[in-house]
Amino acid sequence: MEGLTLRVEHLQNENGKLQNLFQEKSNINEDIRQEVSRLSSENSVCRCDLHLRVHPKQTPALPKEYLGMLEYKREDEARLIQNIITDLKPKGVAVNVIPTLPAFILFMCVRHADYLNDDNKLKSLMNRIIQGVKKVVLAHQKDVESLSFWLSNTYQLLNCLKQYSGEEQFLKQSTPRQKKNCLQNFDLSEHRQILSDLAIQIYHQLISVMQKTLTPAIVPGMLEHESLQGISSMKPTGFRKRSSSLYNDSETYSISSILQELSVFYSAMSHHGMEQSLTKQAVKQLFFLIGATTFNQIMLRKDMCSCRKGMQIRCNISYLEEWLKENELQSCGAIDTLRPLAQAAWLLQVNKSTDEDAKEIAEKCTELNPVQIVKILNSYTPIDDFEKRVTSSFVRQVQSFLQEYEGATQLMLDTDYRFQVTFPFYPSSTALESLQVPSSLNLEFLTRI
Amino acid sequence: SPVARILFALLCCHSVVSKVTLFRNLKESSRVAMEFGEESSPALAFEKNAFELTVEDVYDISYVIGRDLLKISSTGEEVSDLQFRIVRVLEMFETLVNKYNLSVEELKMERDNLKAELDRIIREGSSSSGQTGQTVGANQLVVDLNDPNRPRFTMQELKEVLQERNQLKAQLMVAQEELQLYKSGILPQSEPTMVDVDLSTPPATEDSSSTVNEKTTIGKL
């Protein structure tokens with residue numbers, strides 16, 4: 001009995017202890033709980049702060065994806081045209097680094113108007129562009145720099161309109177991204193036609209200005225200037241007097257004047273980023289002028305029809321050929337335009353006495369018609385007393401070989417003739433999204449989209 | 001005749017050698033002509049002294065750099081950022097060169113104006129004084145000859161005069177003291193002379209002792 005009581009007592013004690021422990025534990029738990037809630041409330045405050053501070057940085061720093069368009073407000077349209085066309089100088093930092101940038105900027109504005117599906121805005125913009133370019137070309141119609149600059153940019157704009165038109169024929173070399181950038185809502189092929197006509201206009205104006213500058217140098221430089229010193233000193237006294245006065249008169253122009261002028265034109269065109277095909281067409285046209293002008297002089301002047309002159313001309317032609325090679329323009333067909341002149345010069349130099357000579361002449365002078373050949377033969381002036389004039393029987397002999405000729409019989413070449421200019425499509429590899437607008441162009445009101 | 005035929009042949013044949021040398025000469029002369037300032041090559045701008053650059057040079061530099069950039073770009077994308085950064089830098093360069101040249105011009109004009117002003121004043125000044133165009137330099141004095149208080153004597157003259165005055169003053173003081181002594185009867189009226197004291201003679205009377213004293217006083221003096 002006692003044992004049980006003791007045990008009960010013991011158990012009660014145990015119980016009590018356990019209860020105390022339990023109590024203690026729950027107290028501790030309570031404390032812990034309080035501590036936890038305190039800390040968690042602190043924590044939540046901290047987290048809030050942290051959240052506020054970190055939040056702006058938490059957005060991933062992705063580079064802004066541009067779509068390659070430029071937005072402007074309708075009321076800024078006049079300012080746009082003013083700054084990017086009318087007042088824009090062909091020489092400046094931005095346009096010297098990227099000569100066709102104005103064309104791309106304008107196209108990006110066009111793209112945005114199309115993207116907005118805004119019919120009025122787009123039409124207005126296209127018309128303003130065309131009018132603007134017309135005006136600026138008119139204002140600078142004698143300046144080779146301005147004309148080259150706007151010809152180059154108009155051509156580039158034309159190419160952009162084609163490349164991004166969505167038409168199958170123009171998509172062949174476009175990157176996938178470029179294909180995505182095509183115009184979505186409007187068909188601008190009519191405006192393209194107007195722009196194309198404008199480009200042709202500018203081209204012809206440019207050619208006119210260059211020809212006007214070049215013309216005074218052609219005859220003195222190609223014909224009159226005697227650069228072959230060795231030959232002229234061998235002239236007999238009878239002729240010396242006359243030619244020395246010629247030499248003095250035309251001392252201002254020589255073949256190198258012509259070459260220099262050509263270099264000036266070529267560098268103006270290439271400085272403004274003109275497409276090579278267009279530059280080549282221009283050079284070909286200029287060479288034609290040189291050839292035709294010189295040729296016509298030979299037709300008119302007996303004193304130019306000598307063996308010596310023939311040699312001088314062939315020499316000058318080779319300098320022109322050399323110039324083409326230096327500027328990598330051999331393939332432009334320019335040298336072919338000089339063939340009538342080259343053959344006339346050859347005719348002046350070659351023997352003109354035997355039947356074989358007559359046959360050779362008839363065969364070789366493919367670019368000359370019989371009227372011209374006969375004229376040269378009849379005008380031929382011997383350089384000295386030893387040389388004989390061309391006999392009329394020889395002339396008749398030549399004519400007999402040319403009986404079957406059925407072409408034109410004009411004596412003179414038409415120096416005003418212009419080859420038809422073409423603007424072949426050239427896609428650009430430029431990614432519109434990567435283009436920026438330099439601040440020196442004063443176009444801050446444009447927004448890059 | 002054979003001579004004629006040779007001459008004729010020479011005239012008619014293509015002289016390749018002469019053509020080549022001639023072309024070289026022509027090229028050289030046109031190159032020289034270009035150097036003497038038709039248009040010089042744009043790359044020359046890179047060789048200029050920074051302070052002699054003009055805005056035109058900046059444009060030439062822009063063109064050459066633009067061409068070089070085209071050479072390295074194959075697609076339109078990679079080079080573009082670089083291209084536009086270069087454009088930005090060149091724009092800033094253009095602004096600075098422009099500003100610099102304008103400032104130099106302004107300063108030059110101002111300097112020239114001031115110089116002209118100075119010359120004018122000098123000319124006016126020298127013409128009014130009546131002198132034969134003698135410019136007044138630094139450390140020089142302009143004296144009005146009508147001024148009664150104008151400086152007239154040299155330092156040397158002044159020194160001599162002052163020395164003489166000091167001497168005379170000293171002599172005057174001596175003379176005044178002497179006069180005082182005479183007045184007080186210590187000294188006889190006649191010119192005092194130094195009398196030899198004969199020590200062999202017997203001591204004199206009071207007079208003689210005072211005389212001796214006087215003598216000694218005088219001797220002391």
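Hydrogens, waters and symmetry mates play no part in the numbers below; they use all other heavy atoms, side chains included.
Within a 6.0 Å radius of CD in B:Glu110, other residues, nucleotides and ligands contribute 12 heavy atoms or fewer. Heavy-atom contacts from other residues, nucleotides or ligands closer than 6.0 Å to NZ of B:Lys159 number 12 or fewer. At most 12 non-hydrogen atoms from other residues, nucleotides or ligands lie less than 6.0 angstrom from CD of A:Gln173. Residue-environment remark: CD (B:Glu157) exceeds the threshold of 12 foreign heavy atoms within 6.0 Å. The neighbour count for B:Arg85 CZ, taken as heavy atoms of other residues, nucleotides or ligands under 6.0 Å away, does not exceed 12. Residue A:Lys179 places its NZ atom among more than 12 non-hydrogen atoms of other residues, nucleotides or ligands, all under 6.0 Å distant.
Contacts between A:Ser306 and chain B at a heavy-atom distance below 4.5 Å are absent for every atom of the residue. Contact annotation for A:Leu101: only side-chain heavy atoms (C-beta onward) come within less than 4.5 Å of a heavy atom of chain B.
Listed by chain and number, the residues in a side-chain hydrogen bond (donor to acceptor under 3.5 Å, both in side chains) with A:Glu321 amount to none (sequence neighbours excluded).
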Residues A:Val95, B:Tyr59; criterion side chain to side chain contact (heavy atoms under 4.5 Å, CB included); working and verdict: CA-CA 9 Å; A:Val95 298; B:Tyr59 296 154; over 6 Å; no

Give the intermediate values and the outcome of side chain to side chain contact (heavy atoms under 4.5 Å, CB included) for residues B:Gln83 and A:Gln436. CA-CA 10 Å; B:Gln83 254 182 331; A:Gln436 303 174 31; over 6 Å; no

Applying side chain to side chain contact (heavy atoms under 4.5 Å, CB included), run through B:Phe84 and A:Ile98 and close with a yes or a no. CA-CA 9 Å; B:Phe84 286 102; A:Ile98 311 169; 3.9 Å; yes

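Residues of residues 90-107 of chain B that come within less than 4.5 angstrom of chain A, heavy atom to heavy atom, are B:Leu90, B:Glu91, B:Glu94 in numerical order.
Taking chain B as the reference chain and counting heavy-atom pairs below 4.5 Å, the highest number among A:Ala94, A:Ser270, A:Ser428 is found for A:Ser270.
Closest of all the heavy-atom pairs between B:Asp60 and A:Asn96 is N-ND2, 4.2 Å.
B:Ser80 places a side-chain N or O within donor-acceptor distance of the main-chain N or O of A:Ser434, the cut-off being under 3.5 Å.
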